[in-house]
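I have placed the structure first, in the form of structure tokens, so that the comments after it can refer back to it.
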Amino acid sequence: MASRPAAAGTHGTKMVARDVKVFYGAKQALKGINLDIQENRVMALIGPSGCGKSTFLRCLNRMNDTIENCRVEGLIALDGEDVYGKNIDAVQLRARVGMVFQKPNPFPKSIYDNIAYGPRIHGIASHRDEMDEIVQTSLKRAGLWNEVKDRLREPGTGLSGGQQQRLCIARAIAVSPEVILMDEPCSALDPIATAHIEELIDELRENYTIVIVTHNMQQAARVSQKTAFFHLGDMVECDDTEEIFTNPRDERTQGYITGRYG
Ligand SMILES: Nc1ncnc2c1ncn2[C@@H]1O[C@H](COP(=O)(O)OP(=O)(O)OP(=O)(O)O)[C@@H](O)[C@H]1O
């Protein structure tokens, strides 16, 4: 594991992982991950299938809590605070560290209610006007407003796959997260919808810190500023995305990006 010294003027650290180990029963999936995630940047997690990318992503907002037999050791901190600390409420944490999944998963509710659901349960809006504003702003930020503004009462499940994924991004945005985790968000989408989401990711980093798991190396190169390469439960190297793709230091990274395995 190695990471080069940070260049002057880099963005502040939003989340850190220190010696993070994850076990599913007796099986160890992560072997002591150290990683710094900078704010208002996109970090891509890449590596062969089964190397632990999704497992690591789920540590960042404690989604692994929901998996029976899963045990997490080490430190994950958000703004310096241990997210596994006793006084941290996992539901509140997941509002601060939102997640978008591989397959778009809108609730079986209207477009409006998909967005309003989170703010409602977190008591974020007290008036109808306020909620309307949150719904509109979230849909605008997710680049979906113009396509759905006249059909907010129609079911979210009636949208195209790409629109559904943007709806899920809008739903994550609606509770004002600081970090957005994306687990292969484009793998179920066609190239046009994928391009749309990639553009959106680039815009979103102005306001959010983004960590994205992707199998698509061109995508990692297009959307991220930092890339971390995982292999067999280790984080092999993390660097500026351009460095990882043009000048990787570890031969395992080199092997993966040149398609020798994975
Ligand atoms: N719920 C689970 N129970 C038991 N083992 C699991 C569970 N989830 C993941 N694993 C194991 O942990 C290891 C890491 O899996 P993980 O899904 O994090 O890898 P990944 O790099 O995201 O893979 P992929 O790219 O195929 O999605 C694998 O060996 C996997 O089989």
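The first residue of the sequence shown is numbered 1, and numbering continues consecutively from there. Because only heavy atoms are used, hydrogens play no part in the values below, and waters and symmetry mates are left out as well, while side chains stay in.
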Side-chain contact, heavy-atom cut-off 4.5 Å: Arg141 with Glu203? no
Rounded at 0.5 Å granularity, tell me how far OG1 in Thr258 sits from CE in Met217. 8.0 Å
Is there a donor in the side chain of Thr253 and an acceptor in the side chain of Glu237, or the other way round, less than 3.5 Å apart? yes
Tightest non-hydrogen contact, residues Ala174 and Ser138, listed as CA-OG, 3.3 Å
Will you find, in the side chains of Tyr112 and Arg151, an N or O donor that is under 3.5 Å from an N or O acceptor? no
To check you understand the geometry: which heavy-atom pair defines the closest contact between Asn207 and Asn40, and what is its length? C-ND2, 3.6 Å
Shortest non-hydrogen contact between Ala228 and Met43, atoms and distance: CB-SD, 4.5 Å
Is a donor from one side chain sitting under 3.5 angstrom from an acceptor on the other, for Glu184 and Thr214? no
Shortest non-hydrogen pair, Pro104 vs Leu189, comes out as CG-CD2, 4.4 Å
Which is it for Ser110 and Leu152 under the side chain to side chain contact (heavy atoms under 4.5 Å, CB included) test, yes or no, and what are the steps along the way? CA-CA 7 Å; Ser110 68; Leu152 294 176; over 6 Å; no
Worked verdict on Thr209 versus Glu39 for side-chain hydrogen bond (donor to acceptor under 3.5 Å, both in side chains): CA-CA 5 Å; Thr209 300; Glu39 64 187 350; 5.2 Å; no
Which atoms form the tightest heavy-atom contact between Gly162 and Ile197, and what is the distance? O-CD1, 4.3 Å
Side-chain contact, heavy-atom cut-off 4.5 Å: Cys59 with Val22? yes
Keeping the roles fixed (side chain from Gln163, backbone from Ser160), state whether a donor-acceptor pair exists under 3.5 Å. yes
Got Tyr256 and Glu251 here, is their nearest side-chain heavy-atom distance under 4.5 Å? no
Distance (rounded to the nearest 0.5 Å) between Asn61 CG and Leu78 CG: 10.5 Å
Please examine the side chains of Pro106 and Cys168, heavy atoms only from C-beta on, and report whether any two atoms are closer than 4.5 Å. yes
Considering all heavy atoms, the nearest Asn64-Arg58 contact: OD1-NE, 2.9 Å
Verify the distance criterion only: is there a donor paired with an acceptor across the side chains of Glu198 and Thr194 at less than 3.5 Å? no
Check Asp89 with Arg62, please: is the shortest side-chain N to carboxylate O separation under 4.0 Å? no
Side-chain donor-acceptor contact under 3.5 Å, Arg18 with Asn34: no
Side-chain touch Ile76/Val16, heavy atoms, less than 4.5 angstrom: no
Looking only at atom types and distance, does a side-chain atom of Arg166 sit under 3.5 Å from a main-chain N or O of Gly143, one as donor and one as acceptor? yes
What do the steps show when you test Asp183 against Lys53 for salt bridge (Lys or Arg N to Asp or Glu O under 4.0 Å), and what is the final call? CA-CA 9 Å; Asp183 197 349; Lys53 306 177 294 292; over 6 Å; no
For the side chain to side chain contact (heavy atoms under 4.5 Å, CB included) test, which of Leu144, Ile134, Asn114 pairs with Leu139? Leu144
So how far is it from Ile33 CD1 to Phe230 CZ, rounded to the nearest 0.5 Å? 5.0 Å
Under 4.0 Å between a Lys/Arg side-chain N and an Asp/Glu carboxylate O for Arg71 and Glu73? yes
Going from OG on Ser224 to CZ on Arg205, what distance comes out if it is rounded to the nearest 0.5 angstrom? 9.5 Å
In Å, rounded to the nearest 0.5 Å, how long is the span from NE2 of His122 to OG of Ser176? 10.5 Å
CD1 (Ile169) and CG (Leu200) are apart, to the nearest 0.5 Å, by 5.0 Å
Kindly check if the number of other-residue, nucleotide or ligand heavy atoms within 6.0 Å of OH (Tyr117) is above 12? no
Note, Glu243 side chain near Pro248 side chain (heavy atom, < 4.5 Å): no
What residue among Asp240, Thr241, Asp36 forms side chain to side chain donor-acceptor pair (under 3.5 Å) with Lys226? Asp240
Side chains of Ile210 and Val179: closer than 4.5 Å at any heavy-atom pair? no
Does the side chain of Phe56 come within less than 4.5 Å of Cys51's, by heavy atoms? no
Tell me whether the count of non-hydrogen atoms from other residues, nucleotides or ligands lying under 6.0 Å of CD in Glu242 goes above 12. no
Report yes or no: is the cationic atom of Arg41 (NZ for Lys, CZ for Arg) under 6.0 Å from the centre of the six-membered ring of Tyr208, at an angle within 45° of the ring normal? no
